[in-house]
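Within every chain, numbering begins at 1; the chains are lettered A, B, ... in the order of the sequence lines, protein sequences first and strands thereafter.
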2 protein chains.
Amino acid sequence: MLTERQLLILRAIIDDYIQTAQPVGSRTLSKRGDLSFSSATIRNDMADLEDMGLIEKPHTSAGRIPSEVGYRYYVDHLVEKKIIDERETYRLGEHLRASAQESAVLIRQAADLLSDLTNYTTVALGPNSQMNRLARIDLMPLDERRGVVLIVTDQGHVEHRTVVFESPMAPDMVEETIRFLNDRLKGTPLGQLKFRIGEEISKLQLAHQEQYENMMQLIQSTAGLHHPTSLYLGGKKNIFNQPEFQSLDTLRPFLEWIDEQERLTDWLESLPNREIYVSIGSENGIVALQNCSVITSDYTLDGKTFGTIAMIGPTRMDYRHGVQMMGQLIEALRRTKLEE
Amino acid sequence: MLTERQLLILRAIIDDYIQTAQPVGSRTLSKRGDLSFSSATIRNDMADLEDMGLIEKPHTSAGRIPSEVGYRYYVDHLVEKKIIDERETYRLGEHLRASAQESAVLIRQAADLLSDLTNYTTVALGPNSQMNRLARIDLMPLDERRGVVLIVTDQGHVEHRTVVFESPMAPDMVEETIRFLNDRLKGTPLGQLKFRIGEEISKLQLAHQEQYENMMQLIQSTAGLHHPTSLYLGGKKNIFNQPEFQSLDTLRPFLEWIDEQERLTDWLESLPNREIYVSIGSENGIVALQNCSVITSDYTLDGKTFGTIAMIGPTRMDYRHGVQMMGQLIEALRRTKLEE
DNA sequence: ATTAGCACTCATATTTAACGAGTGCTAATC
DNA sequence: GATTAGCACTCGTTAAATATGAGTGCTAAT
């Protein structure tokens, strides 16, 4: 168990290190206004903290830096998670409302905002359209053999794809098929759409069955497409300002990893948490993100479950500020009405 | 005017430097199999080439490197532009055909391919939808007050946007408006759509004129939206392997510039050229791309004019290989049939 | 017109020395 | 018993000193 003073010292070390990115020594601390102990006393406590694995030294004659365990302790015990500053939340909300309407735009805005607020890189994952329900499906002929399949969900999300028919399609047949599908499938979650279309095909007992099947298979293939959940990266260039990313050896893996959209999406979707969660350093298990910490949270927009947003910074990130900003932002998003 | 030998030497210097990224000295050259002159002779010619501004030395005791003027000479006189290797073109075509169908996918594929082939970064701009003609416009109601405006072009390009009505819209009125717009505007180039809708509004002489106008204004605002020409970046990480981008000072401006999608789009669209064009070093006039050269070309897909593709590498890029690969690729694209 | 020879230049790498922030321990002090 | 002053020691960082060598320009010989 930590003594009162050790706690103070641990906190001071972390706060200092977060700001300066330099190992902090006992003398520096004892000269701080709020720590009125001699450097020797601090040194003794530091030795204890080090024994407990909370801090470490890069080398013999350097100051101490927090260990991952130390950050974990700091985040778990020393960071208040749910302090909502009403005025600030309102301010953020105003910022977002300005662009409003289109949810995709709004989410970008939110990611950029969070990025500006914290100077870290943010990743926002839009609504997982798999949960959306079909509002309407359509097939618009372009010419004799090509058409565009459109899938619109109740949330206003649109997916489309150009398809090519093996043989020309009669307009009235197309129309009939589309009407048929709309009648049967309205309200179906997108994730199940492909399967449901398959079901409907098997029920068909119409004339020209072959041609219908053919068309519907094309539509089905569209429905099963790699669900293109919208992903947005904000403040990528912020990373350049972090002292720990001033060398190519650290910068390169980060940038290469962050640019791989698909991997990034999978990763964000794999995070199980609903509320704000902090992953420190190697905890995230990703080699390229060894020296990074991530604050993630699911968010809701206008009350509806929506997506995931993440903030990525160096392990030495400002957890308190980060967590608070994240909290404020998702609260602001929660309160943002879509229509208006 | 250059003597035969000077030409040989200039070419040798550039070829060498492109490969090694190191200044090349007279001794190195004289030991090459194909240059059988003494180092002193070569030094004399080098001095002449330097006087002409074709090469320069980083400092007194270093070898020579090509100047931008030198590269220009090299590209204009020493690089053959239109050698199409049928077998290679076919191979590329096969590569592309594998994914075929969706033009957007195909273009990504092409950019990635060019990037793999050359180890430079590529940027591909999809069809400029402003030239596409309207195939169909639609407004799908989501609920009482929201709807999705869909604009589909004859090329299968789709744009959409969620709009919010000030007051609830009667379904039959929506339907009527849409029918009206489709009747009048089919075939209109997207670039003129906004203007044309405005015209149609002014012609309206119907009952409930106000509500119609209201709806049409929403649709109009969609049509005039920031035309989201599809942009794709390929092989961004290739830049990390270029020796001239091993320092943050050079790397950072490049990455920051390349990540700014909108600027990038504008820039690509501003390039006036139809056929392969090489811009060397500061010629491109972009500060962040001072030390880069760009090979650009418009391309056609399946015969139809389509978009622009660019290849960005260090000024010391392999122009011959780059130009040739670019030529092969756009030829392969030209021959690629969309339907099938 | 070429080429061998040579003195000179200058970026880069290597070595050496000085510096100083910070530590751990011991003994004095409160 | 807890705190602090004092001091020897460690070790990364910086700066100066030195060595290296690739490459040049010029001159004189071929």
Side-chain angles (χ1 to χ4, degrees), chain A residues 1-10 12-14 16-17 19-67 70 243-244 246-247 249, chain B residues 1-10 12-14 16-17 19-32 34-67 70 243-244 246-247 249-250:
Chain A
M1 208 36 220
L2 294 181
T3 69
E4 188 78 12
R5 197 178 55 205
Q6 284 170 339
L7 209 68
L8 238 62
I9 291 175
L10 176 61
I13 290 174
I14 298 183
D16 221 71
Y17 185 66
Q19 259 213 304
T20 65
Q22 295 297 324
V24 1
S26 52
R27 228 178 91 81
T28 318
L29 285 187
S30 84
K31 278 194 295 193
R32 268 174 64 137
D34 52 339
L35 278 301
S36 50
F37 320 103
S38 80
S39 65
T41 309
I42 292 174
R43 272 202 293 284
N44 288 333
D45 279 338
M46 276 176 157
D48 291 344
L49 289 170
E50 188 170 358
D51 287 343
M52 291 184 258
L54 293 167
I55 57 177
E56 53 197 15
K57 39 184 179 203
H59 60 265
T60 325
S61 71
R64 301 304 212 291
I65 61 174
S67 69
E244 31 273 277
Q246 294 302 307
S247 106
D249 299 333
Chain B
M1 206 38 217
L2 295 182
T3 69
E4 189 78 11
R5 195 177 57 204
Q6 285 170 338
L7 209 68
L8 239 60
I9 292 174
L10 176 61
I13 290 174
I14 298 184
D16 222 72
Y17 185 66
Q19 259 212 303
T20 65
Q22 296 297 325
V24 2
S26 54
R27 230 179 88 82
T28 318
L29 285 186
S30 85
K31 278 195 295 193
R32 269 174 63 136
D34 51 338
L35 278 302
S36 50
F37 318 105
S38 81
S39 63
T41 309
I42 292 175
R43 274 203 293 283
N44 288 331
D45 279 338
M46 276 175 158
D48 292 343
L49 288 170
E50 189 170 357
D51 287 341
M52 290 182 255
L54 293 168
I55 56 177
E56 54 198 25
K57 40 184 178 205
H59 61 264
T60 325
S61 70
R64 300 306 210 293
I65 62 174
S67 70
E244 31 272 278
Q246 294 301 307
S247 108
D249 298 333
T250 50

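Across all their heavy atoms, B:M1 and B:Q6 have their closest contact at O-OE1, 4.2 Å. Counting all heavy atoms, side chain and backbone alike, B:A12 lies closest to B:L29 at CB-CD2, 3.9 Å. Nearest approach of A:L2 to A:M52, heavy atoms of both residues: CD2-CE, 3.2 Å.
The side chain of B:S61 approaches C:dT9 more closely than any other nucleotide in the set D:dT24, C:dT9, C:dG22. Considering only side-chain atoms of B:K57, the nucleotide from C:dC25, D:dT24, C:dT3 that sits closest is D:dT24.
Within the 4.5 Å cutoff, the side chain of A:P23 has heavy atoms near those of the A:I65 side chain.
Put simply, A:T60 has a side-chain N or O that comes within less than 4.0 Å of OP1 or OP2 on D:dC11. Here A:R64 does not reach the OP1 or OP2 of C:dG22: none of its side-chain N or O atoms lies under 4.0 Å away. For A:S26 and C:dT23, the shortest distance from a side-chain N or O to OP1 or OP2 is below 4.0 Å. OP1 or OP2 of D:dT4 sits under 4.0 Å from a side-chain N or O of A:S38. An OP1 or OP2 oxygen of C:dC25 is reached within less than 4.0 angstrom by no side-chain nitrogen or oxygen of A:R43.
Judged by closest nucleotide on DNA chain C, B:F37 is the one of B:P58 and B:F37 placed further toward the 5' end. Both A:R27 and B:H59 lie close to DNA chain C; mapped to their nearest nucleotides by heavy-atom distance, the more 5′-ward contact belongs to B:H59.
For the pair B:L29 CG and D:dA22 P, the computed distance is 15 Å after rounding to whole Å.
Helical stems in DNA chain D, defined as runs of 3 or more consecutive Watson-Crick or G-U wobble pairs with both donor-acceptor distances under 3.5 Å, are listed by first residue as C:1-30 with D:1-30.
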